[in-house]
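Before any comments, here is the structure.
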Amino acid sequence: MEKRSELYRGKAKTVYQTDDPNRLILEFRNDTSAFDGEKVEQLDDKGMVNNRFNHFIMTRLEEAGIPTQLDRLLSDNESLVKKLDMIPVECVVRNVAAGSLVRRLGVEEGKALNPPTFEFFLKNDALHDPMVNEYHIQAFGWATKEQIEQMKTLTFKVNAVLKSLFEQAGLILVDYKLEFGVCDGELVLGDEFTPDGCRLWDAKTREKLDKDRFRQGLGGVVEAYREVAQRLGVQLS
Ligand code: ADP
Ligand code: UDP
């Protein structure tokens with residue numbers, strides 16, 4: 001496997017081409033960003049923790065029958081993944097009210113949501129990732145009706161698998177964001193599942209153990225990610 005030129009440098013990861021046209025390398029950097037890239041910091045070891053965390057979670061999802069980008073772990077900070085044609089929308093499921101939902105609807109943080117909610121957001125930093133619905137997604141050709149249905153089904157399937165995985169580790173999966181892409185005509189889970197893109201609270205104390213520590217300046221960001229990884233049994237280096 002040969003690492004070739006840089007394809008894209010995002011806010012937290014860099015994507016490289018390889019000698020295999022169907023594979024990419026995702027490099028997880030220590031950069032941590034919030035508020036659409038307005039707040040950026042380097043946090044030691046975050047790339048390694050997130051890379052290994054993501055590999056662990058995607059392996060569990062694959063075992064549960066969810067198609068993922070996963071190929072293999074390459075190093076502390078790099079994973080080999082299937083090259084996907086990314087769909088430019090983010091799929092968010094919420095089990096508990098927090099974040100933008102609380103701000104948008106004026107509801108109380110921490111309220112359990114029954115049923116869990118589903119939202120689509122357009123991936124566009126300049127527009128601050130506006131919420132969109134299925135009509136927008138179809139009308140602008142970001143995904144087909146069938147892909148929209150599959151994204152919803154798979155995102156909820158991920159919820160069933162991960163809610164119980166985190167519960168067993170004494171954690172509440174508050175909400176999370178997924179991104180999908182297409183590979184050989186199949187819808188596949190891409191990007192990452194790490195504490196950068198979900199909310200995790202300690203089940204007893206409700207302490208925040210995710211990127212809200214960075215957003216809210218609470219400190220101990222990577223320490224919290226390590227704590228979650230350790231409770232799940234993720235092997236860190
Ligand atoms: P952002 O683009 O939001 O700043 P990142 O720093 O995480 O985010 O950059 C990673 C980029 O790589 C994202 O744009 C994501 O959509 C894209 N990506 C993630 N997984 C894959 C994949 N398997 N194939 C192709 N592109 C991917
Ligand atoms: N999220 C993400 N990337 C985004 C927007 C949201 O990973 O660009 C995640 C976020 O970490 C949280 C969930 O999606 O776990 C819901 O985020 P929310 O809409 O509450 O927005 P926030 O207040 O986090 O910006």
Side-chain angles (χ1 to χ4, degrees), residues 6-18 20-40 46-47 50-51 54 58 67-71 77-105 107 109 113 116-132 142 155 158-159 162 166 172-184 186-201 208-216 221 225:
E6 184 180 308
L7 191 63
Y8 175 76
R9 187 181 167 88
K11 295 185 294 296
K13 301 194 290 302
T14 308
V15 184
Y16 294 91
Q17 281 174 318
T18 69
D20 181 342
N22 302 313
R23 290 289 181 274
L24 295 174
I25 293 173
L26 292 187
E27 182 201 353
F28 289 72
R29 306 195 314 272
N30 288 342
D31 296 284
T32 313
S33 80
F35 314 121
D36 302 314
E38 273 173 38
K39 177 176 177 176
V40 183
K46 199 206 65 157
N50 274 5
N51 183 37
N54 178 61
M58 293 252 175
T68 77
Q69 66 183 2
L70 197 73
D71 185 330
N77 293 69
E78 299 164 306
S79 284
L80 189 66
V81 298
K82 290 174 194 152
K83 180 177 186 162
L84 308 181
D85 257 334
M86 296 305 289
I87 293 176
V89 299
E90 303 183 333
C91 302
V92 172
V93 159
R94 302 175 193 270
N95 295 304
V96 177
S100 72
L101 182 72
V102 166
R103 294 194 297 275
R104 199 168 59 240
L105 302 183
V107 295
E109 183 183 72
L113 301 173
T117 62
F118 184 98
E119 295 156 0
F120 283 116
F121 294 90
L122 177 66
K123 237 182 110 66
N124 185 323
D125 281 340
L127 298 177
H128 305 291
D129 293 352
M131 188 192 266
V132 291
W142 295 319
T155 304
V158 166
N159 201 34
L162 295 188
F166 285 116
I172 300 168
L173 178 58
V174 171
D175 58 30
Y176 57 92
K177 179 270 298 180
L178 301 181
E179 291 180 30
F180 292 90
V182 179
C183 178
D184 296 331
E186 188 195 19
L187 194 81
V188 174
L189 177 62
D191 203 46
E192 66 178 286
F193 192 104
T194 69
D196 269 2
C198 69
R199 288 193 169 89
L200 295 164
W201 294 351
K208 293 176 172 152
L209 298 170
D210 54 65
K211 199 160 89 173
D212 270 348
R213 300 201 70 82
F214 177 72
R215 293 189 188 95
Q216 298 174 8
V221 181
Y225 290 22

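Whatever order the structure lists ligands and atoms in, that order sets their numbers, starting from 1.
- Summary of contacts: the protein heavy atom closest to atom 21 (C) of ligand 1 is Met86 SD, 3.7 Å.
- Numbered from 1 in the order shown, with element, the atoms of ligand 2 that lie under 4.0 Å from a heavy atom of Asp196 read 7 (O), 11 (O).
- For Asp125, no nitrogen or oxygen atom sits less than 3.5 Å from a nitrogen or oxygen atom of ligand 1, counting backbone and side chain alike.
- Using a distance-only test at 3.5 Å, with no hydrogens or angles considered, a donor-acceptor pair links the side chain of Gln69 to the main chain of Asp191.
- Shortest non-hydrogen contact noted between Tyr16 and Glu27 is OH-OE1, 3.0 Å.
- With respect to atom 24 (N) of ligand 1, the closest heavy atom belonging to the protein is Leu84 N, 3.0 Å.
- Considering backbone and side-chain atoms together, Lys13 places an N or O closer than 3.5 Å to an N or O of ligand 1.
- With salt bridges taken as basic N to acidic carboxylate O contacts below 4.0 Å, one links Arg104 and Glu119.
- Lys39 forms a cation-pi arrangement with Phe214, by the criterion of a distance under 6.0 Å to the ring centre and an angle within 45° of the ring axis.
- No side-chain N or O of Arg215 forms a donor-acceptor pair with one of Thr32 less than 3.5 Å apart.
- With hydrogens and angles disregarded, no donor-acceptor distance shorter than 3.5 Å links the side chain of Asp125 to the backbone of Asp36.
- Looking at Val221 and Asp210, their side chains never come closer than 4.5 Å, going by heavy atoms from C-beta outward.
- For ligand 1, the atoms lying closer than 4.0 Å to a non-hydrogen atom of Glu179 are 15 (C), 16 (O).
- Polar contact check, Val81 against ligand 1: no nitrogen or oxygen pair lies under 3.5 Å apart.
- Contact check for Arg199 versus Asp212: side-chain heavy atoms found under the 4.5 Å cut-off.
- For atom 11 (O) of ligand 2, the nearest non-hydrogen atom of the protein is Arg215 NH2, 2.9 Å.
- Interface of Cys198 with ligand 2, defined as ligand atoms under 4.0 Å from a residue heavy atom, comprises 11 (O), 15 (O).
- If you check which protein heavy atom lies closest to atom 5 (C) of ligand 2, you get Glu90 OE1, 3.6 Å.
- With hydrogens left out, the protein atom closest to atom 12 (C) of ligand 2 is Asp175 OD1, 3.2 Å, a heavy atom.
- Panel note: side chain Arg29, backbone Lys13; a donor-acceptor pair is recorded below 3.5 Å.
- Proximity of Asp210 to ligand 2, defined as any heavy-atom pair under 4.0 Å, is not found for any part of the residue.
- Looking at Leu173 and Leu200, their side chains come closer than 4.5 Å, going by heavy atoms from C-beta outward.
- The shell of residues lying under 4.0 angstrom from ligand 2, judged by heavy atoms, excludes Lys123.
- Within the 4.0 Å heavy-atom criterion, both parts of Lys11, backbone and side chain, lie near ligand 1.
- When each atom of ligand 1 is checked for a heavy atom of Leu24 under 4.0 Å away, the hits are 24 (N), 25 (C).
- The shortest heavy-atom distance from Arg199 to ligand 2 is under 4.0 Å.
- Neither the backbone nor the side chain of Lys211 has a heavy atom within less than 4.0 Å of ligand 2.
- Contacts between Asp191 and ligand 1, counted as non-hydrogen atom pairs separated by less than 4.0 Å, involve both the backbone and the side chain.
- In Asp129, the part holding a heavy atom less than 4.0 Å from any atom of ligand 2 is the side chain.
- At a heavy-atom cutoff of 4.0 Å, ligand 1 is contacted by no atom of Arg9, backbone or side chain.
- In this structure the side chain of Phe28 never reaches within 4.5 angstrom of the side chain of Lys46, judged on heavy atoms.
- From the protein, the heavy atom lying nearest to atom 1 (N) of ligand 2 is Lys177 CB, 3.7 Å.
- The shortest heavy-atom distance from Glu119 to ligand 2 is not under 4.0 Å.
- Closest of all the heavy-atom pairs between Trp201 and Ala97 is CH2-O, 4.3 Å.
- Taking a cutoff of 4.0 Å between a charged side-chain nitrogen and a carboxylate oxygen, Arg23 and Asp71 qualify as a salt bridge.
- In terms of protein heavy-atom proximity, atom 12 (O) of ligand 1 is nearest to Val15 CG2, 3.4 Å.
- The ligand atoms of ligand 1 that sit less than 4.0 angstrom from a heavy atom of Lys82 are 22 (C), 23 (N), 24 (N).
- Using modelled atom types and a 3.5 Å distance limit, the side chains of Asp196 and Tyr225 yield a donor-acceptor pair.
- Phe118 is listed as a side-chain neighbour of Thr155, based on a closest heavy-atom distance under 4.5 Å.
- Close approach of ligand 2 to Gly99 (heavy-atom distance below 4.0 Å) involves ligand atoms 20 (O), 23 (O).
- Comment: Asp20 does not engage Lys83 in a salt bridge, judged by the lack of any side-chain N to carboxylate O separation of less than 4.0 angstrom.
- Here the side chains of Asn159 and Pro116 are in contact, with some heavy-atom distance below 4.5 Å.
- Scanning the protein heavy atoms around atom 25 (O) of ligand 2, the nearest turns out to be Arg103 NH2, 4.0 Å.
- Protein heavy atom at the shortest distance from atom 20 (O) of ligand 2 is Ser100 N, 2.8 Å.
- The protein atom (non-hydrogen) at minimum distance from atom 14 (O) of ligand 1 is Tyr8 CE2, 3.4 Å.
- For ligand 1, the polar-atom distance check against Ala12 finds a nitrogen or oxygen pair separated by under 3.5 Å.
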Report the C-alpha separation of Thr194 and Asn54 in whole Å, then their side-chain angles, then the decisive distance to 0.1 Å, and conclude whether the side chain to side chain donor-acceptor pair (under 3.5 Å) test is met.
CA-CA 6 Å; Thr194 69; Asn54 178 61; over 6 Å; no
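- Counting heavy atoms under 4.0 Å from ligand 1, residue Asp85 does not touch it at all.
- For ligand 2, the atoms lying closer than 4.0 Å to a non-hydrogen atom of Val92 are 14 (O), 16 (C).
- The closest approach between a heavy atom of Lys123 and any atom of ligand 1 is below 4.0 Å.
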